[in-house]
Amino acid sequence: METLLNDMHTGQDLSLPTNLPPPKGRNYFCCSDHYPSPGLPKGVSRWDVLRALKMARRSLGLSAALLEYVELLIVRTNDLDWIAGAAPIVFTGVQTAARMLNVSVRQINHYERRLADAGLLTWRDSGNRRRYGKRGEDGTLLFAFGADLTPLIERYDKIVSQGEAELLDQQLRAKTIGVIRSCRRVLSDGVCEANTCGLTCDVVAQASDQLARLPRTFAPSWSTAELCQLSLEIEAVALELKAVLSPADHTETSGRAEENVRHHNTTNTSPNPGGTCNWTAPERTSPVGDELILQKEPAHAGGMDEGERRSGHGPVIDQLADAGAAEAGGGSTGIEHIRFDQVFDVASPMMQHMIIEEAGQGPANWTALDNAAAKAASYLGVGPTLWAQLRAELGPAAASVSIVIAERRLTDPDNPVNNPGGFVRALLARAHSGKLHLHKSIFGLMKKGETRQ
């Protein structure tokens with residue numbers, strides 16, 4: 001067995017015999033007695049660190065490319081590197097990392113400087129900036145020189161707090177935008193009604209001016225504080241407009257409606273031409289895709305032959321059924337062309353780890369993917385309501401694949417997604433118009449992975 005020696009600048013690969021003792025430079029690192037780290041809290045893994053970084057990506061100023069490089073570094077460590085007394089040091093050569101990410105060596109150096117400036121990375125230098133290390137038979141890091149991720153351990157609690165604050169900010173932002181859009185409809189209907197009635201006053205003019213200045217969409221440049229201020233302003237105008245259009249003598253609760261009268265709004269009524277209104281609510285039924293049907297192969301999800309096995313994960317059994325949800329959502333989503341093993345292969349390393357964790361002692365399958373996707377949706381900013389809607393309208397399998405794609409696109413340096421929640425909503429809109437093709441996205445990720453290898 002040989003230890004790989006890499007030069008930071010040239011990426012030159014040299015071979016060292018295993019019996020070569022570690023160098024005695026001034027920054028010599030040995031896991032047993034030098035630079036001991038406090039280790040991650042009990043029950044926290046390196047994947048929890050990566051998940052926390054992705055949740056706090058905006059407040060930490062991490063771009064998609066930086067997140068992808070951090071993920072590569074964490075993947076190149078071992079679970080034993082994150083315990084107390086050890087250190088997660090990555091001694092993979094810069095040229096090797098550049099080749100894996102299909103970027104230049106200069107870009108890798110730029111990534112590391114950015115991470116160091118953010119306080120998320122430091123270096124263990126052997127004196128000549130060469131990166132190498134050696135592990136014991138049990139995987140313990142005996143000595144290493146390279147990029148040191150110990151700052152992630154030291155700042156873990158703070159990063160988690162930043163991620164939680166960012167998630168709350170996203171939820172408040174989404175709720176505030178919903179209030180603004182609701183008030184926009186009130187203003188639009190109110191101004192239209194005022195113009196129809198020939199009503200002119202300062203409140204109507206103010207409402208018309210407010211409508212003209214409201215943007216159709218809210219870019220990320222709008223801060224949450226600005227959105228809250230706008231929400232208060234437009235809500236106040238909407239209340240004033242309602243008061244103008246609804247006279248005081250009509251504010252009391254009305255009695256029983258007259259027969260053959262249908263109420264359009266609070267001020268205008270018209271006879272119902274259809275005769276006596278005897279409408280009754282239809283029976284309430286379960287939403288399509290709300291039920292999980294366990295079977296050997298999910299309907300419309302993969303086309304696996306019975307008994308087919310995924311390498312390393314056992315037979316694919318007891319998988320989720322779409323229950324016809326794809327058809328109910330406006331046509332095929334392409335899930336019928338996708339196998340589970342293809343989805344697993346294109347998932348990020350962290351997502352793969354979450355799927356295996358959900359599978360437990362059993363095989364990784366669509367059920368484990370569905371459970372892992374539900375957890376991933378929470379840190380991606382996909383709220384419970386949107387996640388439930390996605391599963392109900394697309395089916396559990398297609399919804400889970402959508403989350404896998406959104407999570408991968410979060411760290412895609414070529415075409416990153418800055419708002420995963422908006423990305424998922426766009427996928428849902430495509431499904432409604434019959435233009436959602438999940439299999440093309442999966443095949444595209446597979447091809448990109450083959451190109452980088």
Side-chain angles (χ1 to χ4, degrees), residues 3-14 22-23 25-29 31 34-35 37-38 40 46-78 81-82 86-135 141 143-156 158-159 162-163 348-350 410-414 416 418 452:
T3 303
L4 187 64
L5 179 62
N6 294 307
D7 185 272
M8 182 173 179
H9 298 293
T10 64
Q12 197 174 13
D13 292 343
L14 302 176
R26 59 182 175 84
N27 289 326
Y28 164 69
F29 162 71
C31 293
H34 285 70
Y35 303 106
S37 74
L40 291 172
R46 52 182 169 150
W47 306 112
D48 295 313
V49 176
L50 180 58
R51 188 180 300 115
L53 287 171
K54 290 185 177 183
M55 287 185 66
R57 61 190 182 277
R58 289 188 177 88
S59 56
L60 293 173
L62 297 180
S63 64
L66 282 176
L67 274 176
E68 186 181 35
Y69 185 59
V70 171
E71 186 163 0
L72 173 65
L73 293 178
I74 292 178
V75 168
R76 306 291 286 188
T77 62
N78 191 303
D81 301 339
W82 299 83
I89 299 177
V90 183
F91 51 91
T92 301
V94 175
Q95 190 175 37
T96 301
R99 185 169 58 251
M100 294 177 68
L101 296 181
N102 195 26
V103 297
S104 65
V105 171
R106 182 178 180 181
Q107 191 65 36
I108 295 295
N109 290 329
H110 173 69
Y111 290 161
E112 293 193 357
R113 285 194 297 270
R114 290 281 303 277
L115 292 172
D117 291 341
L120 304 177
L121 178 145
T122 186
W123 296 275
R124 298 293 171 92
D125 187 15
S126 62
N128 56 6
R129 304 187 75 179
R130 292 178 182 267
R131 299 188 174 189
Y132 59 100
K134 181 180 179 180
R135 293 188 181 275
L141 194 60
F143 65 89
F145 301 94
D148 186 0
L149 301 179
T150 301
L152 295 180
I153 298 178
E154 299 169 346
R155 295 187 56 186
Y156 174 72
K158 184 177 180 180
I159 293 173
Q162 288 178 271
S348 68
M350 185 186 73
L410 186 68
T411 56
D412 188 347
D414 300 326
N418 295 321
R452 288 192 170 184

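Here the structure is a predicted model, which is why all the values come from computation and not from measurement. For the single chain, residues carry numbers from 1 onward in sequence order.
- Qualifying salt bridge (charged side-chain N to carboxylate O under 4.0 Å, His left out) partners for R51, counting only residues two or more places apart in sequence or in other chains: D48.
- For residues 86-96, no pair satisfies salt bridge (charged side-chain N to carboxylate O under 4.0 Å, His left out), with sequence neighbours left out.
- For the atom pair CG (L67) and CG (D412), the distance works out to 12.0 Å, reported to the nearest 0.5 Å.
- For R113, there are no salt bridge (charged side-chain N to carboxylate O under 4.0 Å, His left out) partners, not counting sequence neighbours.
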Open item on the list: Could you walk me through whether L73 and L121 satisfy the side chain to side chain contact (heavy atoms under 4.5 Å, CB included) test, starting with their C-alpha distance in whole Å, then the side-chain angles of each, then the deciding distance to 0.1 Å, before giving a yes or no?
Closed with: CA-CA 10 Å; L73 293 178; L121 178 145; 3.7 Å; yes
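- Here NZ of K134 is found 6.0 Å from CZ of F143. Values are rounded to the nearest 0.5 Å.
- Atom CZ of R106 has 12 or fewer heavy atoms from other residues, nucleotides or ligands within 6.0 Å.
- Between atom CG of residue L72 and atom OG1 of residue T411 there is a gap of 11.0 Å, rounded to the nearest 0.5 Å.
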Worked verdict on V75 versus W47 for side chain to side chain contact (heavy atoms under 4.5 Å, CB included): CA-CA 9 Å; V75 168; W47 306 112; 3.8 Å; yes
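- Annotation: the span from L149 atom CG to I89 atom CD1 amounts to 9.0 Å, rounded to 0.5 Å.
- The two residues Q162 and L60 make their nearest non-hydrogen contact at OE1-CD2, 3.6 Å.
- With rounding to the nearest 0.5 angstrom, the CG atom of N109 is 9.5 Å from the CD atom of Q107.
- At most 12 non-hydrogen atoms from other residues, nucleotides or ligands lie less than 6.0 angstrom from CZ of R114.
- For the residue pair W123 and A116, the shortest heavy atom distance occurs at CH2-CB, 3.6 Å.
- Between the CG atom in N78 and the CG atom in L141 there is a gap of 8.5 Å [rounded to 0.5 Å].
- A salt bridge is absent between D81 and R76: the closest approach of a Lys/Arg side-chain nitrogen to an acidic carboxylate oxygen does not fall below 4.0 angstrom.
- For Y69, the side chain to side chain donor-acceptor pair (under 3.5 Å) partners at least two apart in sequence or on another chain are E112.
- E71 pairs by the side chain to side chain donor-acceptor pair (under 3.5 Å) definition with K54, not counting sequence neighbours.
- For F91 and F145, the gap between ring centers reaches or exceeds 6.0 Å.
- Listed by chain and number, the residues in a salt bridge (charged side-chain N to carboxylate O under 4.0 Å, His left out) with R57 amount to none (sequence neighbours excluded).
- Among L120, T122, L115, the one residue that satisfies the side chain to side chain contact (heavy atoms under 4.5 Å, CB included) test with P151 is T122.
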